[in-house]
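Take a look at the structure set out below.
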Amino acid sequence: MAAATASRSGLRSALPLLAPAYLWLTVAIFLPLSAMVFFSFMTELPLSGKPWAFTLGNYAAFFSQSLYLTLLLASLRLGLEVTLWCVVIGYPAAYVLAKVLKGRSREAIFLLVILPFWSNGLVRIFSWAMVLREGGILDTALNAVLPFKINIDLMYSYPAVIIGLVHSYVPYMVLTCYLTLQAIDDSLIEAGRSLGASRLQVLKRVIIPLSMPGLVAGAALIFVPVVGSFMEPRILGGRTGTFYGTIIEDQFVAVFNWPLGAALSFILLAVVLVILAVASPVLRRAA
Amino acid sequence: MAGVQVSNVSRSFGAHKALDNVSIDFADGGFYALLGPSGSGKTTLLRQIAGFDFPDSGRIAIGGESVERVPVEKRRIGMVFQNYALFPNMSVADNVAFGLSVRGEAKAVIATEVQRALDLVQLGKLGGRRPHQLSGGQRQRVALARAIVTKPRVLLLDEPLGALDKALRVDMQIELKRIQREIGITTIFVTHDQEEALTMSDRIGILRDGRLVQEGPPEEIYDRPKSEFAATFLGDANIFRGDTTGDGIRLADGTAIAAGAGAKLAAGAKASCAVRPERIRIARDAGTSDGSANMLKGQVSKRIFAGNNSTYFVERGGQTLKVIVQNTGKERLAEGQDVVLRWSPESTVLIVAG
């Protein structure tokens, strides 16, 4: 009884603190998103002056043309691969940051991890284009060092898209894993070793299970936007960079078929939500 | 089971000498306390024995085998950490099973051994719980079970009772001692709590600033401290400083104090005498002298009543002396009372000054 009263009065006093955030979310996200839901059921954009009617055709289009499904699967695979690379690259970095480095050197390395966040996304991608193209920085540098001639032209390829996306998203993995790794008491590692476990066994049985929440959070933060990404695939992938996200983008900026773009977006949202819903209990059990 | 020999071990961290040429012999099956204030090097020494850190110089042997460069996971030690360090992602039984399972024991063997270890610490029914569902004392027992289930050669305890409240601490002292006797394992125990060291251990090593100050059975260190530090760190002591007379000292005001124990010193050198507060008799007047007794006059400045005993603080020549008197229900001395203090030379230990 007392607890219930306390929580009710707690909610009342918390309301002024919650209100700005929720008001903002309502205005900035919920309203435009509702408009998009509305558009997705229309034949034409009402703003264009043309006559319009309600239809399910935009959603039906997804199922009637196999291209959309193929591209969605390609985007899901891209999301999975980028997430995996981010784990492979980000987790060891987070471990070193949390458990090996101390003081100044930790701050310096941390800054390098955060740096991509502070640079403009487009600049980041175009600088990769400079590096990856034939006669670019990577090609020139490798040929200057290696005794034999090789041609490096990763530009407009699937690996280029992966490289660009991993670069953009790996800081999320480093940060979320760093936070959970840092919370693991060093004495747990020592306890494991005192019981005869090698460093690898301690990693496998103690550290990775305990840092699972960070890995899951990082994976969710990366997977979702990567599946819908369009900028990196377009610029670094060229013609090979056609994914579900770029098709949606086309509907909005090139074809001006907003209703179809909106419908494709909501299908993506639904698929991602289903994947997260299925994956989360499995991952939670693993954690 | 095995003894541990630490020989001339030194370890520095930058300019700080954490261990300075420490040698101790821990005999097989003994219960040792490493006692010292924080920063004395006792935990550093324990970590050298465990293998978390290697000495700059010197030798460490477990069961006669040199291990000073062997990493911790190969030393076959058991360790209980100050915060217990139980794996929060595992059940109690899995925590205890960890050491056996990483060395690939069969499942059936693990299950039997884990149950036996949990029974030994009287937690036989709690194997399915998670560490966060246990009380501090229970976690302590799980940590102990986990450390001994692998049959280590030596058990290392890093202030294991520090996080428990007093009543529980006393229970766990008795319990820990019982388990240690039952399995007969060499146990080295780091503490800053002198009472814990006195009640639990067969031998105590007192450390200060990375050096071993004194080592021996608790009774010997208490009755025959070799330094002022040992005398005051392990128990209370009244310290008198003066010049040696050969069998005692002469204070600056000319009063002679006879010492029946301790160092043999040439007359004239600077020296101290240590007397335990409970060895001093306090009285209103001189009464009948018993001849050999040391005697000083003073004035009670304060009395603290603690039920079974009283502590009197007696002012004498600018020095405050401490006297502990059992509560016999008879005479109680008031603050401000002039008193006579007497004690025997046998209760007085002569210590080299410093």
Side-chain angles (χ1 to χ4, degrees), chain A residues 87 91-92 94-96 98-106 173 176-220 279-287, chain B residues 43 46-47 49-53 70-91 94-105 110 113-114 117 130-132 139 142-160 163:
Chain A
V87 171
Y91 190 82
Y95 182 85
V96 171
K99 293 287 168 222
V100 181
L101 296 177
K102 301 269 181 281
R104 272 291 168 82
S105 50
R106 176 190 281 184
M173 188 58 79
T176 55
C177 290
Y178 170 79
L179 289 176
T180 48
L181 283 166
Q182 206 200 21
I184 298 174
D185 196 330
D186 285 346
S187 68
L188 292 180
I189 299 169
E190 294 188 338
R193 293 185 62 209
S194 78
L195 291 164
S198 65
R199 285 169 192 275
L200 200 67
Q201 281 172 314
V202 172
L203 182 73
K204 219 171 72 185
R205 288 170 174 244
V206 180
I207 298 171
I208 290 180
L210 287 176
S211 51
M212 205 44 111
L215 280 165
V216 171
S280 72
V282 176
L283 291 170
R284 200 173 308 138
R285 205 173 318 127
Chain B
T43 298
L46 195 78
R47 292 175 66 81
I49 297 168
F52 291 122
D53 189 42
V70 176
V72 52
E73 59 267 29
K74 301 228 168 75
R75 285 198 190 181
R76 287 168 44 220
I77 55 123
M79 180 137 172
V80 175
F81 294 80
Q82 189 169 11
N83 61 357
Y84 319 136
L86 299 179
F87 305 124
N89 55 318
M90 299 177 199
S91 68
D94 286 344
N95 262 281
V96 178
F98 187 89
L100 296 170
S101 114
V102 292
R103 74 191 58 166
E105 297 280 354
I110 294 178
E113 292 294 324
V114 166
R130 289 273 169 152
H132 67 85
R139 283 181 212 184
V142 175
L144 186 61
R146 183 178 69 174
I148 59 179
V149 75
T150 55
K151 302 200 165 49
R153 297 187 290 184
V154 44
L155 180 61
L156 306 173
L157 308 164
D158 186 9
E159 307 231 10

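The chains referred to below are lettered A, B, ... by the order of the sequence lines, with proteins before strands, and numbering in each begins at 1.
In this structure, no portion of B/L100 lies under 4.5 Å from any heavy atom of chain A. Proximity to chain A involves both the backbone and the side chain of B/R146, based on heavy atoms less than 4.5 angstrom apart.
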### Task
Could you walk me through whether B/M79 and A/E190 pass the side-chain contact (heavy atoms from CB on, under 4.5 Å) test, one step at a time?
CA-CA 9 Å; B/M79 180 137 172; A/E190 294 188 338; 5.8 Å; no
### Message
For B/R103 and A/L195: C-alpha separation, side-chain torsions, deciding distance, then whether side-chain contact (heavy atoms from CB on, under 4.5 Å) applies.
### Response
CA-CA 9 Å; B/R103 74 191 58 166; A/L195 291 164; 5.7 Å; no
### Task
Go through A/D185 and B/F81 one step at a time and tell me if the side-chain contact (heavy atoms from CB on, under 4.5 Å) criterion holds.
CA-CA 12 Å; A/D185 196 330; B/F81 294 80; over 6 Å; no
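Atoms CG and CZ, from A/D186 and B/F52 in turn, are 11.0 Å apart once rounded to the nearest 0.5 Å. Going from atom CZ of B/F87 over to atom CD1 of A/I189 covers 10.0 Å, rounded to the nearest 0.5 Å.
Here the shortest heavy-atom pairing between A/S187 and B/A85 reads OG-CB, 3.4 Å. The two residues A/R193 and B/P71 have their closest heavy-atom pair at NH2-CB, 4.1 Å. Taking each heavy atom of B/V72 and A/S194 in turn, the nearest pair found is CG2-CA, 3.7 Å.
Listed by chain and residue number, A/F110 satisfy the ring pair (Phe, Tyr, Trp, His ring centres under 6.0 Å) test with A/Y178 (two or more places apart in sequence, or in another chain).
For the pair A/R205 and B/F98, the cation-pi test (distance below 6.0 Å, angle within 45°) is passed.
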